[in-house]
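Accompanying notes for the structure given below.
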2 protein chains.
Amino acid sequence: MKKGKPTIHDIARSLEIDSSTVSRALSDSARVSKKTKVRIVEKAKELGYQRNMIASNLRTNKSNTIGVIVPRISRQFFSRVISGIEETAYKGGYDVVIGQSLDTIEREKNLLQTFYSSRVDGVLISISMETTSFEHLEAYKNHGFPIIFFDRPCNVAGCTNVLIDDFKASFDSTEHLINEGCKDIVHFSGPQNLELYRQRAKGYMEALKKYGIEIRDHYIFESNLMQEDGEASAKKLLKLANVDGVFSANDVAAIGAMKYLKSKGIRIPDDIAFAGFSNELISEVIEPSLTTVNQRDVEMGIAATSLLFEQIKNKSGKIQQKEMLDPELIIRNSSKRKSTI
Amino acid sequence: MKKGKPTIHDIARSLEIDSSTVSRALSDSARVSKKTKVRIVEKAKELGYQRNMIASNLRTNKSNTIGVIVPRISRQFFSRVISGIEETAYKGGYDVVIGQSLDTIEREKNLLQTFYSSRVDGVLISISMETTSFEHLEAYKNHGFPIIFFDRPCNVAGCTNVLIDDFKASFDSTEHLINEGCKDIVHFSGPQNLELYRQRAKGYMEALKKYGIEIRDHYIFESNLMQEDGEASAKKLLKLANVDGVFSANDVAAIGAMKYLKSKGIRIPDDIAFAGFSNELISEVIEPSLTTVNQRDVEMGIAATSLLFEQIKNKSGKIQQKEMLDPELIIRNSSKRKSTI
DNA sequence: TTGTAGGCGTTATCAA
DNA sequence: TTGATAACGCCTACAA
């Protein structure tokens, strides 16, 4: 046996035909007779031939690969989005390369450039928390490199975004708390430099407004929404009189707060009702189970990938689009105050 | 501006030098004068040049990419392993391509062949539940394609495995239950065609043996260890007299069972103590919090990747290795029966 | 239906 | 130190 992996030339030689015929046969071209096709395919199998995609990609200037950049793969939301992406890509004959920015702009830039130079056909990205300016992204876009943003919006001309309606979801959640009888509702908010969290805060305020409830700035706690932030917020919250509800911009912080409050003997939802955001797995299991928002993770992956495919095909590139998925409010025990009897 | 992406030839032309010099300069070869190097690098920046990795890979016959195949990316354990893999790969200058087999052998084969033909430099794989014969894997191995198995062992000559000591972890968990006063311990076991679950069952039995407790076959429940399997097992368990402990081969099934039993008024751990496996995020949050085993996910990713790098470098390939990570028993409330006062 | 020839962008070898 | 040339493996006009 020769050393290197077998090539179309090996097949051609041993069949005494030309490599171009082999190439055609293996891509099932109509311009090869059935007979020779069969011979070629058989010989290929015999030699254990596998097409060298690197060479093929170089020649065709396509990688049949899309890149995905997320803050962290270990977050449930993102891993579910990726499942959707992978599934769609797989069906379309694409491979998926994944990288995590760890919420730093430095790694985000690195990944983008790696992807670009390995000539992926396009990129799906949920930008890092540090990404507040978008020049690095625009540069690629202007080179005609297809990029789709998901979950965390990028408000730049020509960008296609796939999002859920964060405003509406937050409005609905807050309204739900109000309907359950809450009057003094605190909001755990995320970094306000991110559009995402601005939208969620907006939804909260709009709902209060609708019901004639005063919006008090000191009822809005800004943090990074980690579990420990939730705990800190809970402590802070106890210093306010009469809080009877919390709308948190994510589940993790809500759970951190609930744990602390429970340990202090506060009853949930009777004393304080809770609503979170993201539908983490734990939220169903914790006691009481947490009311939350389904962010349509898998669907988001599917939608984003489909849009990317369109953009790759049409090469039109520059058309700005916005795909809004409808979030779903999942009502659980943490907010059910009305007796169901 | 020309249409295509700029190449070394574009740089060469506009500087009136040869492309080979440009190539050398951009790989920082010592065989280019500082002066021209500077000129080239500047021009490259000016043109927005990015090396075409596809062409480079073709030429050097390396992709600087490793492939990862896991059952599903959305499982916490795997996404954490992948974090470890990514981190290590990133440091070594490698990219990571990820695919999920969804626990089917068909997709596993597909992925393997995609990876092979895109010439990834090696593969890390946790085999699917359906994978009980290993010919497809051996074939690649025999072609000199580096493959490392993690978490789910592959007992085939020449295979390198990175595992935790499932036997020991199970032994320790069961022993812990015994030490907490359990005498009639049920084992929720996984598919016995997988070595993994055989090891866990073995550890359970060995611990019973050590303490002179009879091993009863009808105390071992085999299932796929989904949440609903746990619930079913709980029902089954109630028909046995005197069960006072459960060692489950994963957390998910344990939690399914605990939920059901709690709804029936059974106290955990006082009536029945529980120990699970995998340290899912929910396990810390559920009430009572679940005693479990830390499978060293991130470390496993790191170890597997390091071994793969070795194998890629040494080309020795055929050396069988087994890396055993030490599992950690995490004791929580679901198994603490002795008063801590 | 098949063969010929050239090139995708890079790197490696050799010569200058 | 630089340039010329060939080659990696595949694909695709074009010609036969």
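What you are looking at is a predicted structure, and each value in this text was computed from that prediction instead of being measured. Heavy atoms only: backbone and side chains are in, while hydrogens, waters and symmetry mates are out.
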Going through the checks in order, is the salt bridge (Lys or Arg N to Asp or Glu O under 4.0 Å) test met by R24(A) and D18(A)? CA-CA 10 Å; R24(A) 279 188 288 256; D18(A) 193 84; over 6 Å; no
Going 5' to 3' along DNA chain C, which are the first and last nucleotides with any atom under 4.0 Å from a heavy atom of chain A? dT1(C) to dG9(C)
Toward the 5' end of DNA chain D, by each residue's nearest nucleotide, K34(B) or D18(A): K34(B)
Where do N or O atoms of nucleotides 14-16 of chain D meet protein N or O atoms at under 3.5 Å, pair by pair?
none

N57(A) has an atom CG; how far is it from atom C1' of dT12(D), in whole Å? 16 Å
Identify all pairs in which a protein N or O lies below 3.5 Å from an N or O of nucleotides 6-10 of chain D, and state each distance.
residue: dA7(D); atom: N3; partner: R59(B); partner atom: NH1; Å: 3.2
residue: dG9(D); atom: N2; partner: A55(A); partner atom: O; Å: 3.4
residue: dC10(D); atom: OP1; partner: Y49(A); partner atom: OH; Å: 2.5
residue: dC10(D); atom: OP1; partner: N52(A); partner atom: N; Å: 3.3
residue: dC10(D); atom: OP2; partner: I8(A); partner atom: N; Å: 2.8

Between D95(B) and Y90(B), do the side chains contain an N or O donor and an N or O acceptor separated by less than 3.5 Å? no
For Q321(A), check side chain to side chain contact (heavy atoms under 4.5 Å, CB included) against everything at least two apart and list the hits. T160(A), L307(A), E310(A), I319(A)
Residues K43(B) and E46(B) bridged, charged N to O under 4.0 Å: yes
Set of side chain to side chain contact (heavy atoms under 4.5 Å, CB included) partners for T132(B), sequence neighbours left out: N193(B)
For S101(A), give me all partners under side chain to side chain contact (heavy atoms under 4.5 Å, CB included), at least two apart in sequence or on another chain. I69(A), P71(A), E108(A), S128(A)
List for me each residue that meets side chain to side chain contact (heavy atoms under 4.5 Å, CB included) alongside K62(B), sequence neighbours excluded, and say none if there are none. T60(B), N64(B), Y94(B), D121(B)
Are any of the side-chain nitrogens in K5(B) or D10(B) under 4.0 Å away from the carboxylate oxygens of its partner? no
Under the salt bridge (Lys or Arg N to Asp or Glu O under 4.0 Å) criterion, do R152(A) and E130(A) qualify, and how do the steps go? CA-CA 12 Å; R152(A) 301 185 181 175; E130(A) 288 178 8; over 6 Å; no
Please list all pairs meeting ring-ring contact (aromatic ring centres under 6.0 Å, His included) that have one or both residues in residues 99-135 of chain A, counting only residues at least two apart or in different chains. Y116(A)-Y140(A), Y116(A)-F145(A)
All side chain to side chain donor-acceptor pair (under 3.5 Å) counterparts of E135(B), not counting sequence neighbours: S133(B)
Degree of bending, the helix from dT1(C)-dA16(D) to dA16(C)-dT1(D) (end axes from five pairs; round to 10°): 40°
Given DNA chain C, 5'-ward residue of the pair A30(A) and S20(A), judged by closest heavy atom: A30(A)
Counting any heavy atom closer than 4.0 Å, what does T36(B) reach on the DNA or RNA strands: base, sugar-phosphate only, or nothing? sugar-phosphate
What side chain to side chain donor-acceptor pair (under 3.5 Å) pairs are there with at least one residue in residues 296-306 of chain A, not counting sequence neighbours? R80(A)-D297(A), R296(A)-E299(A)
For R51(A), all residues meeting side chain to side chain donor-acceptor pair (under 3.5 Å), sequence neighbours excluded: none
